[in-house]
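Written below as structure tokens is the structure these notes are about.
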Amino acid sequence: MNHNSIHWFRKGLRLHDNPALLAAMKDCAELYPIFILDPWFPKNMQVSVNRWRFLVEALKDLDENLKKINSRLFVVRGKPAEVFPVLFKKWKVTRLTFEVDTEPYSKQRDAEVEKMAAEHSVQVIQKVSNTLYDIDRIIAENNGKAPLTYVRLQTVLAPLGSPKRPAQAPTKNDMKECSTPWKSSYDGKYSIPTLEELGQDPEKLGPHLYPGGETEALSRLEIYMKRTRKHSHPPVSLHGQLLWREFFYTAGVGVPNFNKMEGNPVCVQVDWDNNKEHLKAWSEGRTGYPFIDAIMTQLRTEGWIHHLARHAVACFLTRGDLWISWEEGQKVFEELLLDADWSLNAGNWQWLSASAFFHQFFRVYSPVAFGKKTDKNGEYIKKYLPFLKKFPAEYIYEPWKAPRSLQERAGCIIGKDYPKPIVEHEVVRKKNIQRMKAAYARRSGSVDVGDKDLEGSKKKGVKRNAAKEQSVADLLKKAKFKKD
DNA sequence: ACGTCCGTTGTGACC
DNA sequence: CGGTCACAACGGACG
């Protein structure tokens, strides 16, 4: 029984730990590894040129690794629903394999393709490899709901045991009975795209610090594992980080409207402001707070920032200072982060804005004090905002406090060469805590704690009334049954 | 029902 | 400098 198989690469752009690829190669006469440039993505989100480069590099690496085992990658242009019927016929396909993808658009897309495959008598094999566990299984084990705390997730995972070990990468030997036919006419049609073809301007690229692709990723992992002598424990260890990833993936599947505030049953409904100037200043690194602006500059130019730096700017945009919706921050991160991920982005923005999972909204990151803890002299700020490099440590986090004569000597006048703070942190922080308190009170069903009640009413309202409990549970259940 | 404990990483004063 | 505590007080899990 010899199959003509398409393996459809989407997220897992790799040969190792790819059970769906191995399934495609079993009893296979012709193997067609494809990646689809789906116009849905650039139509529905901003994607920076740095991110495009990262993808193109990953595709190149994938193609090279496939060539080493006598295969190669076909990059197909078009909508999946339109390209598959053509490919099924053209290549006489009998089997289609791909990795399970749990994002809302992906699920809808894959369901459509699966139906189409059935119409063409093409067998479909899906394998879990983007997450450690089968996300639907985790939800089932937790009575149909996504665990809402990390401890709860650990409890649910305990009886499931360790995740499956990663599958070995296929070798030339696995391709012995199998070929990947390539015609000269395919050269332009299915080749790796250039940035120009993708409508991107290579002039706008940042420094090349994080090459994309499986080869680079594995070598970085190896270096990391060698370097790390002392291993910490979850939740802060690497292992813990993978469980957090699993946590947010589970929430992304189990919580309806997970990337939005409205219609999202775990998200506190907050009366965020709509201040376009402030949003723009934040996203372009012009808030007047050097620590925040340095982070946003690194993000925009290099495409990666430290986990805690993400915390600092996320808190600043939302509940800490600017009182702008986390959905706006989510869009900016989606555009700029090389490691942007739908579930993690939505989950962490809700966390940092104290909209879900994390609720101690009175703990606010200071745009001045937080960075100082680990970088007293502001070396990080000086690297990304070099025009501030002549400010002494005393003023580097708060340059507007420096005497005029010092600003002149440093060659940077605050308010002219670099902005004054767009908000006064100590003032807005207090006001925002009260606004959060009011938002939480409204959620708990209190009737008369409104925006104007910013003095901190002692009234607790009707705590966690039955109506609210019902509606959350109902929404979560509905999400579950819709699938069945 | 209700109380209690805990929660990946806050800040600033104080000793 | 490092540890401790008040600040003001949240939701989720569990007994």
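All chains are named by letter (A, B, ...) in the order of the sequence lines, taking the proteins before the strands, and each is independently numbered beginning at 1. Any value given below was found using the heavy atoms of this structure, including those in side chains, with hydrogens, waters and symmetry copies removed. Every value quoted in this text rests on a predicted model; they were computed, and no experiment measured them.
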**Item:** Counterpart residues, ring pair (Phe, Tyr, Trp, His ring centres under 6.0 Å), relative to A:Phe333 (two or more places apart)
**Value:**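 Listed in chain order: A:Trp349.
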**Asked** What residues, two or more places apart in sequence or in another chain, satisfy ring pair (Phe, Tyr, Trp, His ring centres under 6.0 Å) together with A:Phe362?
**Response**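 A:Phe362: no ring pair (Phe, Tyr, Trp, His ring centres under 6.0 Å) contacts found.
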**Asked** 5' to 3' on DNA chain B, which nucleotides open and close the contacts with chain A (atom under 4.0 Å from a heavy atom)?
**Response**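 First-to-last contact on DNA chain B, by the 4.0 Å heavy-atom rule, is B:dG7 to B:dG12.
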Would you say the side-chain atoms of [X] and [Y] include a donor-acceptor pair closer than 3.5 Å?
| X | Y | result |
| --- | --- | --- |
| A:Ser283 | A:Arg300 | yes |
| A:Gln350 | A:Asn264 | yes |
| A:Arg310 | A:Asn348 | no |
| A:Thr287 | A:Asp293 | yes |
| A:Asn130 | A:Tyr249 | yes |

**Ionic contact status for A:Glu262 with A:Lys260, cut-off 4.0 Å** =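 Salt bridge flag = no for A:Glu262 with A:Lys260.
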**Message:** Can you see if the side chain of A:Lys437 gets near the phosphate of C:dA9 - specifically, an N or O under 4.0 Å from OP1 or OP2?
**Reply:**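 Checking A:Lys437 against C:dA9: at least one side-chain N or O falls below 4.0 Å of OP1 or OP2.
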**Asked** Taking the inter-plane angle between the rings of A:Phe370 and A:Tyr365 on a 0 to 90° scale, is it parallel (under 30°), tilted (30 to 60°) or perpendicular (over 60°)?
**Response**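 Ring orientation of A:Phe370 relative to A:Tyr365: perpendicular.
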[atom1]-based separation of [M] from [N] [nearest Å]:
| N | M | atom1 | answer |
| --- | --- | --- | --- |
| B:dC14 | C:dA8 | P | 15 Å |
| C:dA13 | B:dA1 | C1' | 15 Å |
| B:dC5 | C:dA6 | P | 16 Å |
| C:dC5 | B:dC6 | P | 15 Å |
| B:dT8 | C:dC14 | P | 13 Å |

**Item:** Partner of A:Asp271 by salt bridge (charged side-chain N to carboxylate O under 4.0 Å, His left out), out of A:Arg442, A:Arg443, A:Arg319
**Value:**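 Answer to the salt bridge (charged side-chain N to carboxylate O under 4.0 Å, His left out) test with A:Asp271 among A:Arg442, A:Arg443, A:Arg319: A:Arg442.
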Report all interatomic pairs (protein N or O, nucleotide N or O of nucleotides 13-15 of chain C) with separations under 3.5 Å.
from: C:dC14; atom 1: OP1; to: A:Arg152; atom 2: NH1; distance (Å): 3.4

**Message:** Could you spell out the base pairing of DNA chain C as a dot-bracket line? Use Watson-Crick and G-U wobble contacts where both distances are under 3.5 Å, [ ] for crossing pairs, | for partners on a different strand.
**Reply:** .||||||..||||||
Nearest-Å distance for atom pair [atom1]/[atom2], residues [X] and [N]:
| X | N | atom1 | atom2 | value |
| --- | --- | --- | --- | --- |
| A:Arg435 | C:dC10 | CZ | P | 19 Å |
| A:His359 | C:dG11 | NE2 | P | 7 Å |
| A:Arg443 | C:dA9 | CZ | P | 17 Å |
| A:Gln269 | C:dG11 | CD | C1' | 16 Å |
| A:Lys376 | C:dC1 | NZ | C1' | 11 Å |
| A:Leu153 | C:dG12 | CG | P | 16 Å |
| A:Ile433 | C:dC10 | CD1 | P | 12 Å |
| A:Phe362 | C:dA6 | CZ | C1' | 12 Å |

**Message:** Which residue in the set A:Ile413, A:Ile414, A:Leu406, A:Asp417 passes side-chain contact (heavy atoms from CB on, under 4.5 Å) when paired with A:Pro399?
**Reply:**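 Answer to the side-chain contact (heavy atoms from CB on, under 4.5 Å) test with A:Pro399 among A:Ile413, A:Ile414, A:Leu406, A:Asp417: A:Ile414.
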**Message:** Just to be sure I understand the rule, does A:Phe357 reach a base, reach only the sugar-phosphate, or reach nothing, if contact means heavy atoms closer than 4.0 Å?
**Reply:**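 It contacts nothing in the nucleic acid.
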**Prompt:** Across the strands shown, which category fits A:Lys373 at heavy-atom distances under 4.0 angstrom: base, sugar-phosphate, nothing?
**Reply:**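 If one applies the 4.0 Å heavy-atom cut-off, A:Lys373 turns out to touch the sugar-phosphate alone, with no base involved.
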**Message:** I'd like to check the side-chain contact (heavy atoms from CB on, under 4.5 Å) partners of A:Arg137; sequence neighbours left out, ordered by chain and number.
**Reply:**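 Counting only residues at least two positions away or on another chain, A:Arg137 forms a side-chain contact (heavy atoms from CB on, under 4.5 Å) with A:Asp134, A:Glu141, A:Leu160.
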